[in-house]
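As the structure is a computational prediction, the values presented were derived from the model and not from experiment. To find a chain, count down the sequence lines: A is the first, B the second, and so on, and within it residues start at 1.
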Number of protein chains: 2
Amino acid sequence: MTIRDIAQLSGVSVSTVSRVLNNHPDVSEAVRRRVLEVVQESHYVPNNSARDLVRPQSDNIGLVVRGIGNPFFSPVIHAIEAAVEQAGYTLVLHQIHSGEDEMMAGASLARSKKLRGLVLLGGCCDYRSETIAALDIPFVCCTYTNSFGTLAQDAYSSVSIDDQMEAYRAVRELTARGHRNIAVLLDSTCDHSISQLRYKGYCRALEEAGIPLDPRLVEETGTFDLSAAYEGARRLLNRCDDMTAIFAIADSMAIAAMKAVHDSGRRVPEDCSVIAIDGIEISSYTVPTLTTLIQPADQLGGEAVRILLDMVEGRAGNRHVLLHTTLRNGESVHAPK
Amino acid sequence: MTIRDIAQLSGVSVSTVSRVLNNHPDVSEAVRRRVLEVVQESHYVPNNSARDLVRPQSDNIGLVVRGIGNPFFSPVIHAIEAAVEQAGYTLVLHQIHSGEDEMMAGASLARSKKLRGLVLLGGCCDYRSETIAALDIPFVCCTYTNSFGTLAQDAYSSVSIDDQMEAYRAVRELTARGHRNIAVLLDSTCDHSISQLRYKGYCRALEEAGIPLDPRLVEETGTFDLSAAYEGARRLLNRCDDMTAIFAIADSMAIAAMKAVHDSGRRVPEDCSVIAIDGIEISSYTVPTLTTLIQPADQLGGEAVRILLDMVEGRAGNRHVLLHTTLRNGESVHAPK
DNA sequence: AACGTTACTGGAAACGTTTCCAGTAATTCT
DNA sequence: AGAATTACTGGAAACGTTTCCAGTAACGTT
């Protein structure tokens with residue numbers, strides 16, 4: 001079933017059918033109705049490949065995400081999709097796995113799907129100029145900042161929270177209450193990641209409170225899943241019985257950590273406070289509820305798309321936007337005994 | 001940058017470049033290397049649209065999922081993607097929202113992307129023969145059974161747990177321990193859904209235990225999110241102070257329910273037991289851990305793809321597979337006081 | 001030496017659209 | 001009435017691939 005069949009069936013030319021399908025003005029009402037009718041009853045859907053092939057540019061926006069399963073990403077992806085659709089574009093979603101390079105995946109996707117722009121979600125940000133050059137469409141990084149200075153900042157956009165600063169704020173919630181033996185639970189799925197930035201914030205907060213950095217209190221899990229976080233927290237609990245608080249760099253890790261605290265016979269928050277950054281839905285339904293800095297997920301996704309489309313449609317150049325978290329005062333933080 | 005440029009740059013014809021790119025045998029080693037080299041350094045990626053357009057059939061398998069955010073789907077999607085990729089196909093993921101008809105979305109996707117087969121995840125299963133006919137490629141439904149008899153069973157495949165039976169098993173865990181005032185927490189995002197099947201299992205278990213069905217103990221939430229489940233559980237708790245157990249039809253709802261129980265001043269499981277079906281990762285990190293029937297998510301996804309590819313490649317016809325859950329004995333179930 | 005194979009390569013058609021250009025009929029203007 | 005405009009329609013090229021077919025050169029065989 002092609003456009004030619006439709007043309008034949010409705011007794012008009014191929015061009016006319018095309019015009020009807022694309023809402024071009026120059027077609028009579030009678031013909032338009034007739035064609036639409038035929039289209040309807042023959043279940044015809046235009047072949048997207050042919051369409052994309054001939055159009056000078058597609059309406060495709062790519063989203064490359066590392067780990068769709070990450071619960072924090074759910075609302076972000078949702079917001080991105082909504083914004084993209086609302087603007088009349090189509091979202092092409094591509095997941096990448098631990099080994100892959102998201103930049104390469106993005107470049108490949110961009111060429112093969114003729115993308116207008118690209119959103120990168122949850123990647124490692126160790127891009128170099130050559131890599132960026134390989135990708136010659138506008139792109140925006142979501143959920144991490146470039147604070148390492150190795151990137152060509154003016155070649156792309158970003159929108160994220162200030163990971164280092166927010167981590168600093170989180171840890172200050174603890175130091176302000178008098179905690180001094182504060183552990184940090186990191187993940188290390190990639191080198192220059194969010195994890196490192198948040199770790200820096202942790203260090204700064206300690207330093208400012210005059211607390212020396214104690215390597216025993218730093219725990220880095222190899223993979224990003226709950227069992228790894230749980231085991232990490234267990235090691236911390238075994239190693240440091242003077243620890244009074246844990247800063248986890250993600251809500252999901254914090255949930256695992258709270259469980260580990262509980263299983264060790266201690267209580268959250270009386271014996272050990274837990275704080276995190278993210279604000280996923282489920283963390284306000286745990287017992288106790290998690291105290292965390294909520295990332296504005298909707299805004300993150302929405303803003304990312306807005307910035308990207310500004311670039312795509314030539315309204316504005318690239319820019320870097322920082323959003324702020326809001327503290328949710330749950331039940332998992334307390335002054336130390 | 002097209003295949004013609006590559007041909008020019010490497011001094012061979014377009015056909016030859018194509019052959020190199022598609023690993024056809026009839027090309028000399030020297031030429032192959034030369035072409036590959038040029039491809040490499042010019043970052044050339046074939047245009048997928050053109051490719052799909054000309055090939056008699058694509059390598060695309062579609063996945064239409066209702067609510068990517070559902071945590072239970074994460075491992076299923078992961079398994080599906082892995083299996084599809086492993087078989088040399090490409091997964092095209094499409095999310096649909098509450099209002100949309102997944103069958104129509106699937107049909108549209110199928111035509112426009114030239115899909116070889118389709119996986120439907122988490123939809124409502126109110127298909128009629130006409131609708132199925134509109135989609136003329138093999139498809140497999142994942143995560144729900146057809147127990148309503150309204151479907152043309154031999155027109156498609158399915159793989160899922162026996163929702164009614166497993167719900168029955170879950171509730172029997174409660175009746176066997178002596179519970180008699182057992183509530184059920186349903187969602188109602190679509191009419192003929194998993195929810196209804198699990199509800200039937202609940203009814204059967206009660207009947208078998210000689211417990212009359214009490215409508216006060218049936219709570220149906222409008223939407224599928226944690227806050228709705230939480231509110232539903234709260235209503236139950238307010239309404240029935242003789243209730244000693246809750247059967248939630250999904251882990252995530254159960255987590256919200258446990259929170260509601262806790263917030264009402266009662267304890268899980270001493271005052272109120274909670275059991276569910278799903279087995280998402282996080283539900284074994286709650287306090288207390290959730291007792292639930294674990295669905296074999298990996299197997300579900302893997303089997304779905306296997307069945308689908310059997311149909312696509314003509315190795316076998318359609319079939320309906322039922323998988324079994326395994327009980328995870330958590331801490332959320334106890335005998336009533 | 002002529003021939004059939006084999007190994008490789010190039011030309012060209014085809015896939016299903018969109019869009020530019022040209023053409024026709026109807027309508028309005030002078 | 002004729003010219004100019006308008007409203008609509010059809011033809012054909014183009015998009016970037018793959019693949020069929022034909023062609024050439026080198027090689028072994030009789």
Contacts of S18(A) meeting side-chain contact (heavy atoms from CB on, under 4.5 Å) (sequence neighbours excluded), chain-then-number -> I3(A), N22(A)
Pairs in or reaching into residues 39-54 of chain A: which pass salt bridge (charged side-chain N to carboxylate O under 4.0 Å, His left out), with residues at least two apart or in two chains? none
By side-chain contact (heavy atoms from CB on, under 4.5 Å), A105(B) pairs with (sequence neighbours left out) H94(B), I96(B)
side-chain contact (heavy atoms from CB on, under 4.5 Å) involving A79(A) - partner list, sequence neighbours excluded: D298(A)
Is the closest side-chain heavy-atom distance between I61(A) and V92(A) below 4.5 Å? no
Check: residues 23-39 of chain A side-chain donor-acceptor pairs under 3.5 Å, at least two apart:
{"residue": "S28(A)", "atom": "OG", "partner": "V31(A)", "partner atom": "N", "Å": "3.3"}
{"residue": "R32(A)", "atom": "NH2", "partner": "H24(A)", "partner atom": "O", "Å": "3.1"}
{"residue": "R34(A)", "atom": "NH2", "partner": "L9(A)", "partner atom": "O", "Å": "3.2"}

Among all residues two or more places apart in sequence or in another chain, which pass the ring pair (Phe, Tyr, Trp, His ring centres under 6.0 Å) test with H78(B)? H97(A)
Holding to side-chain contact (heavy atoms from CB on, under 4.5 Å), I want the full list of residues that pass it with Q299(B), two or more places apart in sequence or in another chain. P296(B), L323(B)
Sequence neighbours excluded - salt bridge (charged side-chain N to carboxylate O under 4.0 Å, His left out) pairs with any residue from residues 302-321 of chain B: E303(B)-R306(B), D310(B)-R315(B), D310(B)-R319(B), E313(B)-R315(B)
Per nearest nucleotide of DNA chain C, the residue lying toward the 5' end, R55(B) or R32(B), is R32(B)
Taking side chain to side chain donor-acceptor pair (under 3.5 Å) as the test, write out the residues that go with N70(B), two or more places apart. none
Axis-to-axis angle across the helix from dA1(C)-dT30(D) to dT30(C)-dA1(D), five pairs each end, nearest 10 degrees, ~ 50°
Counted 5' to 3', the first and last nucleotides of DNA chain C within 4.0 Å (strictly under) of a heavy-atom of chain B are dC8(C) to dG16(C)
Quick one, which residues of residues 12-27 of chain A touch DNA chain D with a heavy atom under 4.0 Å? V12(A), S13(A), S15(A), T16(A), R19(A), D26(A), V27(A)
